[in-house]
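To start, the structure under review is shown below, and the notes come after it.
Start at 1 and go down the list; that is how both ligands and their atoms are numbered. Quick note: numbers below take in every heavy atom, side chains included, and nothing from hydrogens, waters or symmetry partners.
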Amino acid sequence: MHPHTRARHWDGSPATTTPRRRLRVAPTSPSRLLRTGQNGHCRDCGNRIDWYPRSNHRPIALHPQEVATHAVADSCRWHLSGGIAYRHADATAWCRIPHTVLCPRHTSDRPLGPDIEALRRHLALHTRRLIDTGTFTPPTTPTCNLTPARLTRTPERPVVQILYTRYLADRPLTSIQCVAQTRQRRRCPHPILNPAAPTGTWILTPAHPIRPGQLALPDTPMALYDLSHLPYAEQLRWRAQRCPAHAATASAPDLTLPGWQRFDPLTHHPHIHACLPDTAPAAQEA
Ligand SMILES: [Zn+2]
Ligand SMILES: [Zn+2]
């Protein structure tokens, strides 16, 4: 055998394979995700959405396709740069648009223009098709009966107050899972609710709008899982959606975006419960 002959397959391709490059998050990356956009489906209408982090790390669901900038109102124009979503267009003829503007389950309070209205109708038809074929079941509006005065279990999507900001969770408190990647490159299976750590408390608080200039709503009480009394680091851990072990391990990247949505009493009114849950989530966990 010739000394310079390398081992090759029958088709001439080299038998030795180059080692696979590990996927890493650059220390200077503004996002801790291993990929830029996270695909998903809107819980309310079943249409496709792409999740992107904003510069303040809060995620936003954008419509997967670009739309002509001239057809979109200034306030609804977004663009992507380096995997981060920024408000306003970037001087090109195309821009991205938040899904909430198009979602047929959300009512729009502003004129959208004929092109965007057509796109909304298109998504509404798609939702109808998904429902008709049994592919998608729209969420039923949770009802809260005031008698008996307490819910029998924790809400499906609780409102949680972290660092004086209200967030709507995407699942029950006990099911909120750590977003970090383990050494086996899987998502960490641990919940962020840690019975060993100080837990939050359920309180009833007015469900008033937080943003100034919003319409004043009737002062209905709302059940809220309040973490305000926890140490700052513990509240950061909740907001980053990491288990205690991964909160201490900054080198582990996030495998997905945290499921928090900034709570808006107008759009999230189906998730407002006017009564406290019967059991504390930590007790349910035990
Ligand atoms: Zn939707
Ligand atoms: Zn973890």
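- Around the Zn ion (ligand 2), the angle linking Cys188 (SG) with Cys243 (SG) is 120°, rounded to 10 degrees.
- The shortest side-chain heavy-atom distance between Leu193 and Tyr225 falls under the 4.5 Å cut-off.
- At a cut-off of 3.5 Å, with distance as the only test, a side-chain donor of Asp44 or His106 sits close to an acceptor on the other residue.
- Counting heavy atoms from C-beta on, the side chains of His63 and Leu123 come closer than 4.5 Å.
- Note on His190: not counted as a metal contact of the Zn ion (ligand 2), no N/O/S atom lying under 2.8 Å.
- Take the N/O/S atoms of His246: the one nearest the Zn ion (ligand 2) is ND1.
- When distances to the Zn ion (ligand 1) are checked against a cut-off of 2.8 Å, His99 contributes an N, O or S atom below that limit.
- There is a path of hydrophobic side-chain contacts, each under 4.5 Å, that joins Leu163 to Ile192.
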